[in-house]
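Before any comments, here is the structure.
Just so it is clear, the model here is predicted, and its values are computed rather than measured. Every chain is numbered from 1 and lettered A, B, ... according to where its sequence line falls, protein lines coming before strand lines. In what follows, every heavy atom counts, from backbone to side chain, and hydrogens, waters and symmetry copies are set aside.
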There are 2 protein chains.
Amino acid sequence: MTGRQIGRVDAVKRTTVRLQDVAELAGVSLASASRVLNANSPTYRGRGDLRERVLAAAAELGYEPNLHARALASATSNTIGLVVHDVSDAYFGLLSSSVVRAADKHDLLVTMVCTYRDPASELKYVKLLRAQRPRAIIMAASGYTQKAQYGPIMDELSKFEAAGGVVVSLAGGRGVGHRMVVGNKEGARSLAHALVELGHRTFAIAVGPTALVTVRDRVDGFRQGLADHGIEVAKDNLYPGDTSREAGMRVAEAIKSSPDRPTCVFGVFDVVAAGVVAGLQRLGVDVPGEVSVAGFADVPLAAQITPALTTVSIPLDLVGQQAVDLALTESAVPRTVSYQGNVIMRQSTAPPPA
Amino acid sequence: MTGRQIGRVDAVKRTTVRLQDVAELAGVSLASASRVLNANSPTYRGRGDLRERVLAAAAELGYEPNLHARALASATSNTIGLVVHDVSDAYFGLLSSSVVRAADKHDLLVTMVCTYRDPASELKYVKLLRAQRPRAIIMAASGYTQKAQYGPIMDELSKFEAAGGVVVSLAGGRGVGHRMVVGNKEGARSLAHALVELGHRTFAIAVGPTALVTVRDRVDGFRQGLADHGIEVAKDNLYPGDTSREAGMRVAEAIKSSPDRPTCVFGVFDVVAAGVVAGLQRLGVDVPGEVSVAGFADVPLAAQITPALTTVSIPLDLVGQQAVDLALTESAVPRTVSYQGNVIMRQSTAPPPA
DNA sequence: CTGAAAGCGCTTACAG
DNA sequence: CTGAAAGCGCTTACAG
């Protein structure tokens, strides 16, 4: 260790190991040490035992490169930003897990933020993420239907793209980055067809938060599926709410006391649908004997309640992997990848009572 | 924009805005621009409209600071590392969500990694995280019982600490960093007491992966609770397995055909316990009429299956918040914070058949 | 292959 | 309060 140390470094005894330290211990230059420690120099071998010396020195010192310095110097990062509504929601939990797993294969770290369905917080997070200079941002939080809400977010995303970042949108997206269509609309439409086929003609929809594109897509798809058979959903059979089980239970109460009770309820989220089932049961309404209930997404819960929930499954595992793949493709032309939702008929639906 | 630009910057037209650009547009020095844009200079106001000019320039250019540069220059970061087994597991999903939410209050970003219960991958991730120089690392993945597995991980964590990082361990921990005790042992013990009080004397345990400290704690606590009443669990009534629903179903089969069937089964994870319930039901065994089943953690699923699952609730929301609080306390003496598990009696348990 | 040096975009003593 | 300058820990042309 030659040379004097300067300023603040002097004050606190340095306890963190730098590449410099490794190079000195190995008796090579900074540049050489950097080269052997990096995959960036693919053909580089090093003369004699240089490589071994550097590796040994790094191991001995417990050297771990400073990713900030690396990112700054090389203008690349090994991070992916992931924006979801709420990881504790099974849908996003599953998705996040598969994103993290796929990222791992590329030695990428994922920084996850939760918006809790608040556009302002989503905007704030996209800015923060942008500051972190990730390689890509995956927007899994569903987009908003209102321009006032999604506009500023898209602006940030555009700036991120302009600076070389990749954007992948799972909902909404409006022209920024790659897009993934996860079968919300088509899946809901197919579900409607299946339910009509069972014999249902009167429906209610537990709509959830209407400001979300995902919700709009599922509801639109469902109504279109009904419309294909000339069926409409009465205005007061549309129940907005949040995405909680409780919201579903409230819908159950409303339906129970409704003058002309529908024979089938579609919950835009499985959890809500499960709440409808539980609510109806508590009120003594038989599911599916008197009322059928269907959900959307096929989270694990769907198969585990009694009766098991009819729903539309989304291949979240594939979606997550694909999102990472797209995140890694810097093609100038944005791509669109689509998935189909699969209708899963279970015991919560049956023909309507005669 | 005066002066020549050099080297690689010349090649690609720069598209990313630097503090330099903001300073120039505002007509102030780099230092001044930095000061107004940072909370680091609390008393700083700036002369005249300097502050406004900088803010206006930043807004006009859509400036977002480069966190890597900032981290490098200031030797602090706004990131927290979170290590869990699997976010798609409700327990970790809930915990992660509360960690993310708490981190948000301090404008901290969380980088989440999933180990999928593989010590090698956990080690790799702790290294990677260390390279990212987060302010703290929260180890929520349960520790391993074997020294060969946790040793190398603890070594990395120690180095991280030595370099000024804070470590918070939710399971295991072995002398590195702050520790949180989430009530595994005591909660399981209380659960055992409650079940004995119901009248049960013969028990089986769906043990899960025995290499985990969490598992060991819950099993030990439960057995100790039984021992408090002079009850032992027969060797072949201990069923190791993984943490899946299927594992629980296999246990159900084993129990069904067991010569002396226990009257009560404890599943170390709610999901496994739910599998036991489903498995028994499928085999025509009434729960809780013939066999009672209890789980651990009180994930949302527990309350939603039929019959609803008796379990021990862990205040995951508080735990997550507290973990972030600890992550922010750099006290030299490691702290230990404990939580109690709460026994929640539901319909999956009842007195044994007469 | 190798090393000296410039540069990445910030922060922060230091000296006005 | 303000600005010029050094420094954070790396990478990477550039010149041997």
- Side chains of A:L326 and A:I138: does their closest heavy-atom pair fall under 4.5 Å? no

- Item | salt bridge (Lys or Arg N to Asp or Glu O under 4.0 Å) pairs, two or more places apart, involving residues 110-120 of chain B | B:D89-B:R117

- Message: Between B:N78 and B:L67, is there a side-chain heavy-atom distance shorter than 4.5 Å?
- Response: yes

- Write down the distance between CG (B:D21) and P (C:dC8), rounded to a whole number of angstrom. 11 Å

- Could you check how far CZ of A:R53 sits from C1' of C:dG3, rounded to whole Å? 14 Å

- Task: Give none if D:dG3 has no partner; otherwise give the nucleotide forming a Watson-Crick or G-U wobble pair with it, both distances under 3.5 Å.
- Result: C:dC14

- Message: From CG of A:D49 over to P of C:dC1, roughly how many Å is that when rounded to an integer?
- Response: 15 Å

- For B:A31, report the nucleic acid contact type (base, sugar-phosphate, nothing); a contact means any heavy atom under 4.0 Å. base

- Looking only at heavy atoms, what is the nearest atom pair of A:V28 and A:V54, with distance? CG2-CG2, 3.8 Å

- Donor-acceptor pair under 3.5 Å: do we get one between B:R133's side chain and the base of D:dG9? no

- B:S32 side chain, from C-beta outward: closest of D:dG9, D:dG7, D:dT2: D:dT2

- Choosing from C:dG9, C:dT11, D:dC10, which nucleotide comes nearest the side chain of B:S74? C:dT11

- Taking CD from A:E24 and C1' from D:dG9, how many angstroms apart are they, rounded to a whole number? 13 Å

- Item | Residue closer to the 5' end of DNA chain D, A:Y63 versus B:L50 (nearest nucleotide) | B:L50

- Query: At under 4.0 Å between heavy atoms, what does B:L67 touch on the DNA or RNA strands: base, sugar-phosphate, or nothing?
  - Reply: nothing

- Message: On DNA chain C, does the nearest nucleotide to A:G48 precede the nearest nucleotide to A:L30 from the 5' side, or the other way round? Give the residue.
- Response: A:G48

- Considering only the C1' atoms, how many Å lie between C:dT12 and C:dG16, rounded to the nearest integer? 16 Å

- Message: If I take atom CG in residue B:N78 and atom C1' in nucleotide C:dT11, what distance separates them, rounded to the nearest angstrom?
- Response: 15 Å

- Has A:N38 got a side-chain N or O lying under 4.0 Å from the OP1 or OP2 atom of D:dT11? yes

- Message: On DNA chain D, compare the nucleotides closest to B:A69 and B:V28; which residue's is nearer the 5' end?
- Response: B:V28

- Query: Should the pair A:R101 and B:Y116 be classed as cation-pi, given the thresholds of under 6.0 Å to the six-membered ring centre and 45° from the axis?
  - Reply: yes

- Specify the separation, in whole Å, of atom CD of A:Q20 and atom P of C:dG3. 13 Å

- Item | Spacing of A:R35 atom CZ relative to D:dC14 atom C1', expressed in whole Å | 10 Å

- Message: For a quick test of reading the model: is some side-chain N or O of A:S29 closer than 4.0 Å to OP1 or OP2 of C:dG3?
- Response: yes

- Query: When you measure from the side chain of A:L72, which nucleotide among C:dC8, D:dC10, D:dG3 comes out closest?
  - Reply: C:dC8

